[in-house]
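This is a predicted model, so every value here is computed, not measured.
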Amino acid sequence: MDILSKFEKEEETLNKLDFIHCQKYEEAQRNIKERENFVIEEVKKHTQTLLNELHEKWGVISSDISEQKSKISEIKSDLLYYQFHSEKADGTNKLDIFDFTWRITTNSNEDICIVDLSTSSVKGRIVTLDKDGNLKWVYDGHPSDIPTEHFFLPENIATTYLGNIIVCDTRNSAIHLLNAQDSIIAYK
C-alpha cells in the first residue's frame, strides 16, 4: 500500500467519523431542544397552577379584608349613633365614655376594642364593649408597679385568635398584652 492510498483510507475514515459525529451532534441538539420544550411546558403548567392558587388566596384574603372593613365601618357607625343619639331619661348620653375614637377592632369573643384618646391631654385608654355595645372594661395603661416616663398613649391595637389584645404605647415605646378580661399578661 502506498502512502497516497494510506492517506485516502484515513481521509475516508475521518469522513465517516465526521459524518457520525455530525449525526450524533444533531441528535444531541434535537434531544436538548425536546427537553427544553418539555421543561418549558412543565414550567408553564406549574406557573399557571401557582397563578391560580395565588388568585384564589388573594380572593379569600381580599374578601376577608372587605368583610373586616365592613364590620369596622358598621361598628363605628353604631358607636357614633349610640354616642350621639342614645340618651338616658335625664338627657345625658348613655355612652358618654368616648373622647376621641382613634382605632376600633374586634376580638374572637366579639368584644369591640376601642383606642380612645383624650382631647384635653396627651393620654389615652382602651375601652372594651361587648357585642351589644355594653361597657365591659376600661384599661388606662400602666399598672402602678411599672415606672413610666409618660402617660399611656395607645397608637394601635390588634387582637389574637385567643381573644387577647395587643396595644402599642408610642409615648413609652411599649407593648401591652391584655387578656379579654382587662388583666395585663405582659408589658415590654
Is the backbone of [Y] close enough, under 3.5 Å, to the side chain of [X] for a donor and an acceptor to pair up by distance?
| X | Y | result |
| --- | --- | --- |
| Ser183 | Asn179 | no |
| Asp169 | Ser173 | no |
| Ser118 | Lys123 | no |

- When clusters are formed from ILVMFWY side-chain contacts under 4.5 Å, directly or step by step, what else is grouped with Leu4? none
Atom pair [atom1]/[atom2] of [X] and [Y] - distance to nearest 0.5 Å:
| X | Y | atom1 | atom2 | result |
| --- | --- | --- | --- | --- |
| Leu153 | Trp102 | CG | CH2 | 9.5 Å |
| Glu11 | Glu8 | CD | CD | 7.5 Å |
| Ile175 | Ile166 | CD1 | CD1 | 8.0 Å |
| Asp116 | Ile126 | CG | CD1 | 9.0 Å |
| Asn109 | Gln181 | CG | CD | 7.5 Å |
| Lys24 | Asn31 | NZ | CG | 10.5 Å |

- Tell me whether Val138 is reachable from Phe151 by hopping between hydrophobic residues (I, L, V, M, F, W, Y) whose side-chain heavy atoms are closer than 4.5 Å. no
- Shared hydrophobic cluster, Ile185 / Ile165 (ILVMFWY, side-chain heavy atoms < 4.5 Å): no
- Where do Thr101 and Val115 land on the side-chain contact (heavy atoms from CB on, under 4.5 Å) test, with the steps shown first? CA-CA 6 Å; Thr101 303; Val115 174; over 6 Å; no
- Which heavy atom in Ala180 sits nearest to a heavy atom in Asn107, and how many Å separate them? CB-ND2, 4.2 Å
- Task: Compare every heavy atom of Val167 with every heavy atom of Pro154, then report the nearest pair and how far apart it is.
- Result: CB-CG1, 3.6 Å
- Message: In the structure I gave you, are the side-chain heavy atoms of Lys131 and Ile112 within less than 4.5 Å of one another anywhere?
- Response: no
- Side chains of Leu135 and Val127: closer than 4.5 Å at any heavy-atom pair? yes
- Item | Residues which pass ring-ring contact (aromatic ring centres under 6.0 Å, His included) with Phe152, listed by chain and number, not counting sequence neighbours | Tyr139, His142, His176
Taking side chain to side chain contact (heavy atoms under 4.5 Å, CB included) as the test, write out the residues that go with [X], two or more places apart.
| X | answer |
| --- | --- |
| Arg30 | Glu26, Glu27 |
| Thr105 | Cys113, Ile157, Thr159 |
| Gln23 | Phe19 |

Distance-only donor-acceptor pairs under 3.5 Å for side chains of residues 50-65, two or more places apart:
from	atom 1	to	atom 2	distance (Å)
Asn52	OD1	Gln48	NE2	3.0
Asn52	ND2	Gln48	O	3.3

- Item | side-chain contact (heavy atoms from CB on, under 4.5 Å) evaluation trace for Asn164 with Leu177 | CA-CA 7 Å; Asn164 295 328; Leu177 178 60; 4.0 Å; yes
- salt bridge (charged side-chain N to carboxylate O under 4.0 Å, His left out) between Glu12 and Lys16, intermediate numbers included: CA-CA 6 Å; Glu12 184 181 319; Lys16 285 179 185 176; 3.7 Å; yes
- Message: Run the side chain to side chain donor-acceptor pair (under 3.5 Å) test on Asp18 and Asn15 for me, step by step, so that the C-alpha distance in whole Å, both residues' side-chain angles and the decisive distance to 0.1 Å come before the verdict.
- Response: CA-CA 5 Å; Asp18 187 38; Asn15 285 338; over 6 Å; no
- Cationic N near anionic O, under 4.0 Å, Arg103 to Glu155: yes
- Residues Asp130 and Lys136 bridged, charged N to O under 4.0 Å: no
